[in-house]
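Data first, discussion second: the structure below is written as structure tokens.
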Amino acid sequence: MGFADQRFNVNLSILFTELPLLERPAAAAAAGFTAVELWWPWVDSPTPEQSELDALKKAIEDAGVQLTGLNFYAGQLPGPDRGALSVPGEESERFRANIEVAITFAQSLGCTTFNALYGNRVDGVDPAEQDALALENLVLAAQAVGRVGGTVLIEALNQPESPKCPIVSAPKAIEIVDKVNEATGLGNAKFLMDLYHLSMNGEDLPSVIEQYAAKTGHVQIADNPGRGAPGTGSLPLEELLDQLAKAGYDGWVGLEYKAGDRPSAESFEWLPREARPAR
């Protein structure tokens with residue numbers, strides 16, 4: 001097994017960011033990839049102009065790549081925010097306004113997998129109030145996604161880089177997944193297993209895979225330390241992905257790492273070109 005046996009996609013919100021958004025799908029295709037994912041690209045707007053949505057759709061289609069995952073609106077990302085759905089007031093409303101927009105856009109490209117980032121704790125707001133709002137919004141999202149046969153992902157971030165986010169362990173993310181599925185009865189909430197974030201939390205990655213592979217809807221990778229490409233740190237990513245495959249995970253593995261001070265196209269030497277197209 002090994003890297004050559006995985007289905008990789010490129011996250012165009014962290015790789016190829018040296019290029020304008022509309023040029024990134026073609027750059028990923030030129031590097032040999034046929035699948036991409038995105039954070040919500042319009043950080044200031046959950047409901048961008050249709051012309052902006054159409055332009056990105058055309059860029060993805062013209063590049064001949066498949067969109068396999070999209071974040072719902074999550075505020076300033078990258079930046080100070082870690083999601084919007086648990087933040088009372090305007091941010092929660094923005095998340096709700098984005099649900100149908102994101103689903104319609106993604107579905108037009110054959111994508112039905114959506115990452116719903118939880119959000120930071122807010123000073124002066126009862127955590128229980130935030131958690132109740134989060135569950136309400138996640139239920140709304142799961143029900144909407146369920147109408148297109150899709151999946152909502154719950155991601156655990158890492159405590160050192162996201163100290164105000166309450167979802168900073170695999171067990172906590174799984175707890176939220178289970179609550180959403182219990183509330184909707186749909187079973188379409190899944191765990192987003194980001195091996196970089198979990199390693200930053202000091203979690204036992206083989207144990208996490210053993211316990212939660214069956215509830216995992218997507219995997220993302222970067223090496224640690226540094227959040228660079230595989231081989232730049234000390235994580236045994238090839239072995240971990242093999243373990244995931246043996247545990248039954250056959251979904252996408254998102255490349256969500258930083259290219260460093262070189263062009264993104266030069267950061268894929270760890271993966272033979274013939275292994276980059278989706279299978």
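Everything numeric here is computed off the predicted structure, so don't read it as measured data. Because only heavy atoms are used, hydrogens play no part in the values below, and waters and symmetry mates are left out as well, while side chains stay in.
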Which of L38, L56, N9 passes side chain to side chain contact (heavy atoms under 4.5 Å, CB included) with L67? It is L38
Minimal heavy-atom distance between V168 and N201, with the atoms involved, is O-ND2, 2.8 Å
Does E161 come within less than 4.0 Å of R82, counting only side-chain N to carboxylate O? no
Looking only at non-hydrogen atoms, find the nearest pair between L21 and P41 and report the distance. CD2-CB, 3.7 Å
Carboxylate-amine/guanidinium contact E91 R94, below 4.0 Å: yes
Taking all heavy atoms of S267 and all of A229, pick out the closest pair and write down the distance. O-CB, 3.7 Å
Can you tell which of I221, L205, V253 makes a side chain to side chain contact (heavy atoms under 4.5 Å, CB included) with L237? I221
Any ion pair linking R7 and D250 (charged N to carboxylate O, less than 4.0 Å)? no
Is the W270 to F3 ring centre distance short of 6.0 Å? yes
With salt bridge (charged side-chain N to carboxylate O under 4.0 Å, His left out) as the test, would you mind laying out the steps for K246 and E210 before giving the verdict? CA-CA 10 Å; K246 290 173 183 174; E210 182 180 354; over 6 Å; no
With a 6.0 Å cut-off (strictly less than), is the heavy-atom count around CD of E182, excluding the residue itself, greater than 12? no
Main-chain N/O of V36 paired to N11 side chain as donor or acceptor, under 3.5 Å: no
Check this for me, if you would: do D131 and K179 make a salt bridge, where the nitrogen-to-carboxylate-oxygen distance has to be below 4.0 angstrom? no
Identify the heavy atoms of W252 and A278 that sit nearest to each other, and give their distance. CH2-CB, 3.3 Å
One thing to verify: whether R96 and E136 come together as a salt bridge, which I'm taking to mean a side-chain N less than 4.0 angstrom from a carboxylate O. yes
Please work out whether the ring planes of F95 and F72 are parallel, tilted or perpendicular, with thresholds of 30° and 60°. perpendicular
